[in-house]
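Below, read A as the first sequence line, B as the second, and so on, with proteins coming before strands; counting in each chain starts at 1. Source: prediction; values computed, not measured. Any value given below was found using the heavy atoms of this structure, including those in side chains, with hydrogens, waters and symmetry copies removed.
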Protein chains: 2
Amino acid sequence: MKHNATSYVILGLLSIEPGHSGYDMRKAVQGSIGYFWGESYGQIYPALKLLTGEGLIARSGTGSNGRKRRQGYVLTEAGRRCLREWLAVPFHDEPPRNEFLLKLFFAREAAPGAAAAHLRDFEERNLRMLDALKKIEASVPADKPPNPHQPYWLLTLGFGKALTTAALAWGESARAELAAAEPSTAPSARVPKKRAARKTASSRKHRGGKH
Amino acid sequence: MKHNATSYVILGLLSIEPGHSGYDMRKAVQGSIGYFWGESYGQIYPALKLLTGEGLIARSGTGSNGRKRRQGYVLTEAGRRCLREWLAVPFHDEPPRNEFLLKLFFAREAAPGAAAAHLRDFEERNLRMLDALKKIEASVPADKPPNPHQPYWLLTLGFGKALTTAALAWGESARAELAAAEPSTAPSARVPKKRAARKTASSRKHRGGKH
DNA sequence: TGGGTCATGTAATAGGTTACATGATTGC
DNA sequence: GCAATCATGTAACCTATTACATGACCCA
């Protein structure tokens, strides 16, 4: 049987925390792996139905427990086997699509200063990201019998921090190189001062967590 | 009018090299921005038709010139304006989906050694990537009247190198941390020796360039 | 009794890959 | 003449996001 990545996210989450509902899963994704993965309800609920039908997960402790009208799920043995098989298979690279680099690559055609503005924007977003990662890190530890998942969680967190930090370092040197290559508006001043209030609202509606 | 990213890639490429055909564009994408962007024919040809209909690009020097049966395109003034407008707008973050980190995050459920295997795989791919980037870099320079696009190209290349290098550095330390956390098969030997011939063929059919 | 958020789900749509079909040109 | 590659295009399919619809529960 073929499954999409969403199904494996569900199996993985249930291997860590049995009893999660679809709603919980969305929250968990945003809160703990949001910096490298996203899921929407439109993916999760159909996948839950599918996995249930295939016997890889099962309904558990229906609403009657505590809150009403919410459906928890648990892994079946078949589900756990399926997850393990997937974990053993080499990963796929996602098709790369970085719009920031695309705009930078074509920036010669843009108005002077546009590249510098994108660079600043990029650095801002990375700073926010680094902040979010540190918050996650602070919320992870402190378990008396040490959580067996923790080493792996810390590795992925470390990856996020390492790459974000590298991006910030690159950004700084890139700004300097740009200033040398683009005489810009004022030759000696690095960048125009008044650049507040960039419009970011419309792109922030969905998929929480990141940035 | 709303366009997808493919359309802007086309406009951008034509702003650099007028006369390119759809086939050329696919090649150019693979060869020069393949490490952060991909396009398939199924996207390019419909977009060319659309853009022509909107008057943003125009057919130029049809096949009769040199080779037969190939259609070149050039930017119109409207097309150049459209490209500039897009370049001035803040970029969108792509939805993050890193399957490697996903498998690492859930690795507690996997067979012992699986995480280490993914890590080695990851490092191999990054080494190949770094190699590809160096090849691109070597092919870029050497223009007597310096190419005005070059500063931007070098910035994006530098980004690729910086991030790939950071990923490699993280990988090395991650392997050490893993070895400490996972007793693995043999406690003193880092990783099992015989790991040749991972199956990579089936996932490499399409979208050239990268990794 | 009214607002917020918990909770589940579906339909419309967008965006993109893959496989296929077709034919010209080039080099041997 | 044959294979490889140049070159264009289309159709089927898959994945995923967004917006919408619905209703329960909580608390003030």
Side-chain angles (χ1 to χ4, degrees), chain A residues 1-10 19-30 34 37-53 59 61-73 92-97 99 202-210, chain B residues 1-10 19-31 37-53 59 61-73 92-97 99 202-210:
Chain A
M1 279 173 249
K2 259 210 64 195
H3 299 98
N4 59 8
T6 301
S7 297
Y8 295 111
V9 171
I10 291 172
H20 263 30
S21 67
Y23 193 83
D24 296 335
M25 292 177 198
R26 167 85 203 275
K27 284 265 171 120
V29 167
Q30 283 182 265
W37 200 271
E39 290 293 349
S40 60
Y41 293 132
Q43 290 278 108
I44 290 175
Y45 285 113
L48 285 173
K49 191 177 285 184
L50 196 85
L51 290 170
T52 307
R59 297 200 174 81
T62 325
S64 52
N65 170 29
R67 291 111 147 204
K68 263 140 225 160
R69 192 168 146 64
R70 54 152 281 171
Q71 185 52 257
Y73 294 88
H92 293 318
D93 284 314
E94 81 238 273
R97 287 211 137 188
E99 201 184 87
S202 71
S203 51
R204 301 260 166 293
K205 268 183 299 221
H206 47 313
R207 288 275 205 70
K210 54 169 191 141
Chain B
M1 280 173 249
K2 259 209 65 193
H3 299 97
N4 58 8
T6 301
S7 296
Y8 295 111
V9 171
I10 291 172
H20 262 28
S21 66
Y23 193 84
D24 295 337
M25 291 176 199
R26 168 84 203 274
K27 285 269 171 118
V29 167
Q30 283 183 268
W37 200 271
E39 291 293 350
S40 61
Y41 293 133
Q43 290 277 109
I44 290 174
Y45 285 112
L48 286 173
K49 191 178 286 185
L50 195 85
L51 290 169
T52 307
R59 297 201 173 80
T62 324
S64 52
N65 169 31
R67 291 109 146 208
K68 263 139 225 162
R69 191 166 145 67
R70 56 153 277 164
Q71 184 54 257
Y73 294 88
H92 294 316
D93 283 312
E94 82 238 87
R97 288 211 137 189
E99 201 185 85
S202 71
S203 52
R204 302 261 166 294
K205 271 183 298 225
H206 46 315
R207 288 276 206 71
K210 53 160 190 151

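- Atoms CD (B:Q71) and P (D:dG9) sit 8 Å apart, rounded to a whole Å.
- A distance-only check finds a donor-acceptor pair linking the side chain of B:N4 to the backbone of B:S7 [under 3.5 Å].
- B:G42 comes within contact range of at least one nucleobase, with a heavy-atom separation under 4.0 Å.
- In this entry the distance linking CD of A:Q43 with C1' of C:dT13 reads 14 Å, nearest Å.
- For C:dT18, the OP1/OP2 oxygens have no side-chain nitrogen or oxygen of B:S40 closer than 4.0 Å.
- The interatomic distance linking A:I44 (CD1) with C:dT10 (P) rounds to 14 Å, in whole Å.
- Atom CZ of B:R26 and atom P of D:dC6 are 12 Å apart (whole Å).
- Using a 4.0 Å cut-off, no side-chain N or O of A:Y23 falls inside it from OP1 or OP2 of C:dT8.
- Here C:dT5 presents its P atom at 17 Å from CG of A:D24, a figure rounded to the nearest Å.
- Mapping B:K49 and B:K27 onto DNA chain D by nearest heavy atom places B:K27 at the nucleotide closer to the 5' end.
- Between A:N4 and D:dA16 there is a side-chain N or O to OP1 or OP2 distance below 4.0 Å.
- Here the side chain of B:R97 pairs a donor or acceptor atom with the backbone of A:G38 at under 3.5 angstrom.
- Between B:Y73 atom OH and D:dA7 atom C1' there is a gap of 11 Å when expressed in whole angstrom units.
- In this entry the distance linking OH of B:Y45 with C1' of C:dC20 reads 15 Å, nearest Å.
- Between the CZ atom of B:R59 and the C1' atom of D:dT8 there is a distance of 12 Å, rounded to whole Å.
- Side-chain contact between A:E39 and A:I10 is absent, with no heavy atoms from C-beta onward closer than 4.5 Å.
- Between A:Y23 and A:Y41, the ring planes are parallel. Angles under 30° get that label, and only those over 60° would be called perpendicular.
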